[in-house]
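The block underneath contains the structure these notes are about, expressed in structure tokens.
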Amino acid sequence: MAVINDMTFKMGGEAGQGADSSGHGFAKALARAGLYVYGNQDYMSRIRGGHNFFQIRVNERDIQASTPGIQVLMPLDLMTVTEHLDEMVPGSAVIMDAPMKIDDSRLTSRGIKPIRVPLTEIAQREGGNKIMMNTASLAVAAGLVDLPFEFIEQVILDNFGNRKGSAIAQANIAVAKAAYDEGAREFGPDFEFKLKPIPNTHRMLINGNQAIAFGAAAAGCRWISMYPMTPATTVTEWLAAHHKKLGIVVKECEDEITAVLMAIGAAHSGVRAMTATSGGGLSLMVEAIGLAAITETPLVVVDAMRGGPSTGLPTRTEQSDLQFVINLSQGEFPRVVLTPGTVEECFQAGWRAFNFAEKYQIPVFILTDMNQSNAIRAIDQDRFDMGAVEINRGDLLTDADLDALTEPYLRHKLTANGISPRAMPGHPNGVMLTTSDEHFENGQAVEEVEMRILQMDKRMRKLDEAAKDIRPPLLEGPEDADLTLVGWGTTYGPIHEARLILSADGLKVNHLHYHEVWPFPSARTEEVLGNARRVIDIENNYTGQLALVIRMMTGIDIPHKILKYDGRPFTGEDLAEKVREGVLINV
Amino acid sequence: MAVINDMTFKMGGEAGQGADSSGHGFAKALARAGLYVYGNQDYMSRIRGGHNFFQIRVNERDIQASTPGIQVLMPLDLMTVTEHLDEMVPGSAVIMDAPMKIDDSRLTSRGIKPIRVPLTEIAQREGGNKIMMNTASLAVAAGLVDLPFEFIEQVILDNFGNRKGSAIAQANIAVAKAAYDEGAREFGPDFEFKLKPIPNTHRMLINGNQAIAFGAAAAGCRWISMYPMTPATTVTEWLAAHHKKLGIVVKECEDEITAVLMAIGAAHSGVRAMTATSGGGLSLMVEAIGLAAITETPLVVVDAMRGGPSTGLPTRTEQSDLQFVINLSQGEFPRVVLTPGTVEECFQAGWRAFNFAEKYQIPVFILTDMNQSNAIRAIDQDRFDMGAVEINRGDLLTDADLDALTEPYLRHKLTANGISPRAMPGHPNGVMLTTSDEHFENGQAVEEVEMRILQMDKRMRKLDEAAKDIRPPLLEGPEDADLTLVGWGTTYGPIHEARLILSADGLKVNHLHYHEVWPFPSARTEEVLGNARRVIDIENNYTGQLALVIRMMTGIDIPHKILKYDGRPFTGEDLAEKVREGVLINV
Amino acid sequence: MSDMKLFNIDEKPTWCPGCGDFAILAALKLALSGLDLYPHNTMLVSGIGCGSKLPYYMKANAFDTLHGRALPVATGIKLANHDLNVVVISGDGDGYGIGGNHFMHVMRRNPDLTHIVENNQVYGLTKGQYSPTSDKGYISTTSPDGSIEIMVNPMAVALAGGATFVGRGFAGDPKHLTQLIMKGIRHKGYALIDVLQPCVTYNKINTYEWYKQRAYKLDDEEGYDATDYESAWRKAREWDERIPIGVIYQEDRLTYEAQVEELADGPLNRTSPHRDREVLDSIKLEFV
Amino acid sequence: MSDMKLFNIDEKPTWCPGCGDFAILAALKLALSGLDLYPHNTMLVSGIGCGSKLPYYMKANAFDTLHGRALPVATGIKLANHDLNVVVISGDGDGYGIGGNHFMHVMRRNPDLTHIVENNQVYGLTKGQYSPTSDKGYISTTSPDGSIEIMVNPMAVALAGGATFVGRGFAGDPKHLTQLIMKGIRHKGYALIDVLQPCVTYNKINTYEWYKQRAYKLDDEEGYDATDYESAWRKAREWDERIPIGVIYQEDRLTYEAQVEELADGPLNRTSPHRDREVLDSIKLEFV
Ligand SMILES: Cc1ncc(C[n+]2csc(CCOP(=O)(O)OP(=O)(O)O)c2C)c(N)n1
Ligand SMILES: Cc1ncc(C[n+]2csc(CCOP(=O)(O)OP(=O)(O)O)c2C)c(N)n1
Ligand code: SF4
Ligand code: SF4
Ligand SMILES: [Mg+2]
Ligand SMILES: [Mg+2]
């Protein structure tokens with residue numbers, strides 16, 4: 001009767017209690033056991049106190065989102081119990097420190113098992129420090145669900161630098177072992193949810209921001225200038241932590257204006273350069289992005305979205321910058337907008353962005369969001385294939401090309417495809433001028449009608465070229481579905497899960513996922529949506545921005561929408577339920 | 001055979017030679033003569049040199065745009081002659097200083113009359129200063145076309161402070177008189193284009209920026225903080241020149257970020273406050289506009305558009321910020337966008353903006369452009385009716401209201417229409433907190449789902465309310481036309497003129513003009529365009545932004561477009577010609 | 001003196017236990033009540049950061065703005081209603097980093113604002129990156145090998161920039177801080193009060209102990225004359241071994257609002273909107 | 001010494017006749033050739049304004065950026081290719097007004113940039129509004145009754161902010177200016193060169209004559225030691241009666257780029273993109 005390899009763990013507590021890092025370690029142990037894992041965190045805009053949690057869903061198949069039910073809750077404080085009681089499924093367990101002040105009947109009455117273990121005591125006794133209570137709690141959980149102890153042990157060792165001899169590692173292991181044994185012995189037999197390692201797997205555990213940063217690194221990015229802003233900061237922090245290995249210059253600046261402008265300077269000089277920020281910082285970059293556009297400087301900007309407007313919900317998720325990014329800055333210019341929805345797509349966006357930027361000499365945006373920035377997923381290692389990463393710098397003149405040049409070099413030369421050969425400043429034959437004013441081919445400012453039109457046309461032509469490189473939206477599920485679910489970016493996961501659930505119900509449903517959204521892939525959109533029977537647009541925002549873009553570009557209206565703007569991500573179950581109930585929000 | 005009251009004058013020269021101010025004086029004389037006038041300038045981004053011109057079209061009927069043909073050219077330098085020769089109509093005249101180095105046959109061969117008058121000599125002889133040559137040139141023109149001398153004299157007197165005794169005024173009048181007489185006597189009889197004053201008229205001559213500023217003043221605006229940027233600066237400069245009369249605080253800041261934030265501070269305190277800028281400055285204001293939105297601070301922002309992207313064409317016109325303004329800043333919030341297309345509409349936008357801003361406690365944009373900012377038009381004085389200006393401050397609590405308050409004041413109270421009563425900070429019962437974070441009704445930051453949704457819904461509800469106040473697009477011409485011309489903002493003039501021309505051709509054509517564009521007037525749009533036979537979208541930009549918005553909001557596609565992005569405004573003739581020829585640019 | 005309790009509110013600060021911001025909050029409340037000010041005639045304007053949350057935890061008019069943007073909003077508020085006592089709250093990143101240009105230019109204007117900078121030499125709210133006041137060599141997630149920029153010296157910049165009141169306090173000495181804030185509020189003009197504020201979570205270098213060892217009171221310096229620019233300049237540049245706290249410099253200069261003629265008749269917000277049909281019609285005639 | 005003619009180009013400046021910018025252009029070309037620099041190893045980075053048009057009128061690599069934004073672009077360029085000689089050109093509004101925060105923070109970093117500020121104490125290109133360096137009381141279209149802010153003193157701010165080279169030149173003395181620019185370029189680190197630049201069209205107060213009456217050369221001051229911070233501080237604050245020109249202050253400090261280890265092997269742009277399959281695969285294992 002046991003349920004094998006299908007459950008959710010949740011660890012919660014005040015900010016600063018470490019639910020996050022402990023949970024992350026536990027997820028790693030699960031991934032190493034060959035299981036698929038999806039973990040996401042929820043935290044408040046404060047450093048200590050409040051209520052944060054980390055949630056880990058485990059499964060035997062690749063999973064893309066969390067589910068509502070919890071099988072094992074690991075509260076570090078009382079609030080975590082009371083806050084999440086409603087989410088516990090029958091037969092689930094709450095692993096509590098023995099003295100936790102809650103009446104067990106509040107749990108048992110709902111069919112939840114109160115698992116009281118003297119966590120602090122064990123931590124102090126075996127490890128000599130009560131902060132090892134988190135470790136104890138996780139170890140009880142591992143024991144409870146039959147996860148072999150070796151996986152817990154290994155993660156502890158790793159955390160402490162893999163030095164077997166380390167006293168602190170040994171203390172933690174001792175705590176874990178004692179707790180594990182008690183969990184397994186006292187409560188295991190009675191607990192129906194179990195994990196069974198899958199041998200011979202090669203998983204890795206990564207979140208969206210790491211994947212984007214890793215993708216950029218794989219593209220040979222050597223520059224990131226930025227200003228800290230949640231949830232984008234970790235892109236930089238990951239690169240900073242690896243700067244020696246990657247040879248990347250990391251520059252924290254006095255503000256986002258400087259951050260983007262320094263990147264523009266570096267990019268103009270021939271370095272693959274990027275910046276990463278969130279909405280408020282992006283707002284400050286708007287003027288400079290126009291500069292990149294008119295000077296045809298390759299620029300990669302990561303915008304990790306959060307609840308808006310303004311400071312809004314600074315540690316919550318939202319997908320509300322799409323139209324902003326497509327339309328930002330005065331005047332008109334070509335740009336590319338990538339909207340990855342999985343860690344694999346984040347990785348790809350990370351390197352593809354640089355190819356778009358350099359090939360077309362334009363600003364390229366990677367739009368991600370709070371949820372995706374932090375959510376971790378276990379995937380097969382070969383999904384991050386370094387061999388498949390292409391580097392295309394576009395039409396970049398080499399020293400030899402410049403040596404051979406017989407005519408004056410023209411930075412903004414008019415060409416058939418709109419792309420002017422680029423050179424790095426420094427070569428005697430490549431002396432170049434560029435400017436934010438409209439310009440002649442040689443960069444001199446121009447006000448005359450004719451050249452203005454030619455340069456404008458030239459720049460806009462690049463959009464047509466870039467459109468050929470854009471990956472059309474992904475259609476998953478049967479071509480001739482009765483229902484088409486449409487989404488972009490981070491909703492990929494929950495929609496994917498919802499599709500599986502609804503398909504299991506017998507519904508013929510497919511999923512149109514936009515991961516590269518601008519230049520807008522109109523042809524494929526018309527092909528799929530033009531003939532769709534019933535369409536639902538699903539977005540983490542108020543106005544249904546993708547639906548608006550679709551209508552703007554194709555005329556196709558999607559009146560049925562499921563929109564969520566409370567700062568929390570969807571789950572597959574939520575969506576499936578809403579679709580079933582026909583609870584469709586029309587705006 | 002004379003053509004009466006239908007002609008165009010053009011004065012041109014290097015920057016700094018005064019074509020602009022002289023031309024403006026001449027236009028004033030014409031308006032006082034009871035004629036309708038439309039004048040626009042064309043200038044380069046430099047202080048001296050280059051080539052600038054000022055062009056004045058005169059007519060007996062109210063006119064809204066310039067026309068291509070010139071009847072009288074007044075070159076202050078040689079370049080002006082060569083640059084504009086192609087625009088001269090047969091029978092037209094070039095009024096030149098006698099020694100101007102150009103072969104008369106280049107003129108006569110095209111049927112143009114070279115009118116050589118020793119302008120500098122007259123200036124020096126009669127006035128004692130050769131810079132009075134401009135005056136001489138205009139006076140010759142006046143003589144040539146039979147404009148009674150009194151109008152010239154009066155303008156000169158006005159310019160010099162209306163002091164009859166002023167020596168410099170007298171010198172100028174002497175120059176003018178001598179030149180006028182020579183023009184009338186020697187060349188008048190042979191010249192077929194004539195002006196005839198219309199008595200008992202009451203005209204005024206005003207440009208778009210003055211009209212916006214005047215509208216704001218009429219609304220009781222008491223604050224403008226700004227940073228200089230062409231073509232918006234003159235809004236401020238006009239207010240600064242009148243600050244004593246209007247009691248308006250004018251604050252030039254260190255940048256546009258400060259400018260908009262100071263206005264937000266002032267507005268929050270209960271002052272009607274605005275800022276004015278162009279695209280680059282607006283880009284810098286993006287973050288702060290989101291702040292105004294979430295704190296529900298009434299804010300009026302004038303964006304005078306110019307050729308983009310980036311610095312682009314800094315002294316040229318374009319309509320390319322529409323989508324930017326509708327979508328700017330992270331997250332989603334209500335806003336109003338006014339897009340006046342005539343000086344009357346500019347005036348109205350100037351005061352209506354404050355009512356929208358205060359009634360709905362939102363950011364309101366007035367979009368104008370370089371052409372409209374500077375173009376002057378003579379209109380009947382009663383078109384600017386101060387009595388018709390309404391002041392609606394919305395739900396603003398008085399001291400008495402606050403005295404009577406029994407419950408704590410809630411700045412962001414949830415209400416049925418989304419509007420929370422506003423109070424000015426300072427009253428003991430009205431102590432208030434607001435923040436850029438999402439907040440409770442009392443302004444405290446909130447992260448919980450429920451209040452987030454309530455506040456988001458509350459803010460967005462205001463858009464529905466505001467939609468009721470928005471003036472639907474103006475339809476001019478027959479309801480059942482064969483052709484509908486669609487435009488917004490400054491294209492009103494040329495489209496209006498084109499409609500008249502095409503109607504005269506016998507075409508049944510009407511004109512749908514958007515002057516208040518967001519919240520988008522979908523109902524009226526569907527009504528008019530849903531049944532239109534043939535539609536052409538006309539815009540001063542590359543992508544056809546209004547057409548994109550129309551499609552986004554109604555699904556109606558307008559494949560036929562006439563788009564112009566060379567920094568110059570349309571003329572009615574251009575448009576009529578393009579329509580006739582079927583030269584439609586499809587993007 | 002007003003009742004300090006008037007400034008109390010039922011909101012528990014979300015700061016980390018031990019954070020220097022608690023003392024600043026307490027000192028501000030004491031200073032306001034000591035000056036007989038009230039929640040309704042006080043306006044707090046803050047940026048974004050740990051320290052900038054201060055207005056949430058006390059009762060007074062408040063506008064929490066954007067990261068780095070408190071000063072211009074505060075200037076707008078002050079000019080619109082100069083009857084309000086306007087206190088600006090920002091962090092070091094907020095006030096000297098992203099908000100540095102507002103800082104430079106507000107000094108030239110000298111509006112009557114009291115600007116408290118909670119200077120913990122680190123970015124607290126975003127979890128510990130180095131800030132413009134971090135010491136050179138400071139190690140953080142964005143400077144893993146130590147930052148390679150010299151720190152901003154806000155006292156020196158303020159003196160060079162034309163501030164009319166330049167002071168420094170220490171969150172570890174709340175009594176002294178209260179007095180200093182009172183002086184700042186009493187000062188007619190822009191008053192900068194930089195506060196050494198230990199961030200117990202992220203800044204493990206500049207701790208209470210570190211500051212305590214270095215901070216000394218200018219009040220205790222015999223004959224120190226804060227109105228003497230030259231002496232002030234020497235004190236402003238002290239750092240590291242010895243860090244002076246107290247009023248470093250003070251000068252009399254007309255405030256900005258005293259020079260704006262539109263404000264002569266009283267606060268602008270009381271007479272806005274302003275409209276006189278006759279005036280408008282007379283202006284109309286200029287276009288004729 | 002390179003041939004100055006190499007820097008010539010067939011573009012007539014659009015400045016007003018008599019504008020101080022002409023002399024600055026000439027001095028810059030002379031300084032570059034005097035230092036044996038070439039168009040291809042020089043990079044001019046300018047903002048927007050009359051003065052910022054300078055790069056249009058000579059031959060060299062150039063990036064004309066945005067109003068106020070030259071410094072960060074220049075820093076990016078310098079760090080990406082430290083072999084380039086990078087000269088930044090801005091106006092007073094550009095450099096000290098809207099670009100003030102970049103100015104404050106570039107000094108902390110000390111990249112090897114030479115920053116020429118064409119200081120005409122007015123906004124030229126936008127037709128004569130007052131600027132942050134306009135004297136208090138300056139009358140303009142946006143200050144019809146005279147501005148009521150005190151001017152920025154860029155020399156003092158630079159000293160307080162940590163600039164390692166602080167100099168002032170005068171467009172009315174192009175020879176001296178040429179020498180000064182040469183010193184600035186030779187200086188390893190951030191060199192500020194503020195140039196008194198008459199705007200003959202809009203600034204009728206601070207004219208050639210006005211400056212000439214006041215400017216005096218520090219070279220002529222017996223025993224003036226620009227490496228002495230205290231003396232520099234006194235000179236930096238002189239204005240009005242007497243205005244010192246020349247090198248006010250100079251200090252040796254490591255440049256930013258000398259401290260970035262990624263640049264040790266040569267310019268970054270020469271080795272970008274950088275990709276090592278083995279390194280990447282090893283990093284991948286961290287996620288396991
Ligand atoms: C435009 C913008 N950029 C970045 C952020 C993110 N952010 C919030 S607080 C903060 C820094 C806080 O440091 P500080 O100002 O020193 O205040 P502290 O938290 O240390 O009190 C940053 C970078 C933001 N809110 N807005
Ligand atoms: C963001 C932005 N704001 C405003 C402008 C308009 N603008 C162009 S140049 C300039 C001021 C020029 O003054 P300064 O920097 O002193 O240079 P100058 O023309 O006097 O040489 C301004 C305000 C702009 N281009 N961009
Ligand atoms: S992170 Fe630092 S500054 Fe922020 S609340 Fe905690 S101790 Fe205070
Ligand atoms: S306006 Fe002034 S600064 Fe600009 S070019 Fe003319 S004289 Fe020079
Ligand atoms: Mg800080
Ligand atoms: Mg200037």
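Chain A is the first sequence line, chain B the second, and so forth, proteins listed ahead of strands; every chain is numbered from 1.
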Please round to the nearest 0.5 Å and tell me the distance separating atom CZ of R568(B) and atom CZ of R452(A). 9.5 Å

Partner chain A: residue of L322(B), T295(B), T554(B) with the largest heavy-atom pair count (under 4.5 Å): T554(B)

With a 4.5 angstrom heavy-atom cut-off, is it the side chain or the backbone of R551(A) that approaches chain B, or both, or neither? both

Just so I understand: if I count every heavy-atom pair under 4.5 Å between each of T315(A), L328(A), D457(A) and chain B, which residue has the most? D457(A)

Residue, of E450(A), M285(A), M305(A), M553(A), that accumulates the most heavy atom pairs under 4.5 Å with chain B: M553(A)

Looking at I453(B), D557(B), I550(B), which one has more heavy-atom pairs under 4.5 Å with chain A than the rest? I453(B)

Less than 4.5 Å to any heavy atom of chain A: does that hold for the side chain of E332(B), its backbone, both, or neither? both

Looking only at non-hydrogen atoms, find the nearest pair between D321(B) and G331(A) and report the distance. OD1-N, 3.2 Å

Which bit of L548(A) is near chain B, if near means a heavy-atom gap under 4.5 Å: side chain, backbone, both or neither? both

To the nearest 0.5 Å, tell me how far F324(B) CZ sits from F324(A) CZ. 7.0 Å

Contact part of Q323(A) toward chain B, heavy-atom cut-off under 4.5 Å: side chain, backbone, both or neither? both

Part of D303(A) lying under 4.5 Å from any heavy atom of chain B: neither

Greatest number of heavy atom pairs closer than 4.5 Å to chain A - which of S329(B), A293(B), G290(B), G555(B): S329(B)

For S45(B), which atoms come within 4.5 Å of any heavy atom of chain A: side chain, backbone, both, or neither? both

Can you tell me how far the CG atom of L313(B) sits from the CD atom of E447(A), to the nearest 0.5 Å? 7.0 Å

Quick check: do P309(A) and Q330(B) have side-chain heavy atoms less than 4.5 Å from each other? no

Looking at chain A, which one of S310(B), G279(B), A547(B) has the largest number of heavy-atom pairs inside 4.5 Å, strictly under? S310(B)

To the nearest 0.5 angstrom, please state how far the CG atom of L284(A) sits from the OG atom of S283(B). 11.0 Å

Measuring from M451(A):CE to D566(B):CG, what's the distance to the nearest 0.5 Å? 14.0 Å

Is any side-chain heavy atom of I257(A) closer than 4.5 Å to one of I257(B)? yes

Closest approach of G312(A) to I294(B) (non-hydrogen atoms, all atoms of both residues): CA-CD1, 4.1 Å

At a heavy-atom separation under 4.5 Å, does Y565(A) approach chain B through its side chain, its backbone, both, or neither? both

Would you check if the side chain of N327(B) reaches a backbone N or O of I326(A) as a donor-acceptor pair within less than 3.5 Å? no

Sidechain N-carboxylate O distance under 4.0 Å for R316(A), E448(B): no

If you round to the nearest 0.5 Å, how far is CG of N541(A) from CE of M456(B)? 8.5 Å

Minimum side-chain heavy-atom gap M460(B)-T543(A) below 4.5 Å: yes

Where does V325(A) contact chain B at under 4.5 Å (heavy atoms): side chain, backbone, both or neither? neither

Answer with side chain, backbone, both or neither: which region of I289(B) has an atom nearer than 4.5 Å to a non-hydrogen atom of chain A? neither

Could you look at R306(A) and say if it's the side chain, the backbone, both or neither that has a heavy atom under 4.5 Å from chain B? neither

Using heavy-atom distances under 4.5 Å, tell me whether L291(B) contacts chain A through its side chain, its backbone, both, or neither. both

With a 4.5 angstrom heavy-atom cut-off, is it the side chain or the backbone of D437(B) that approaches chain A, or both, or neither? both

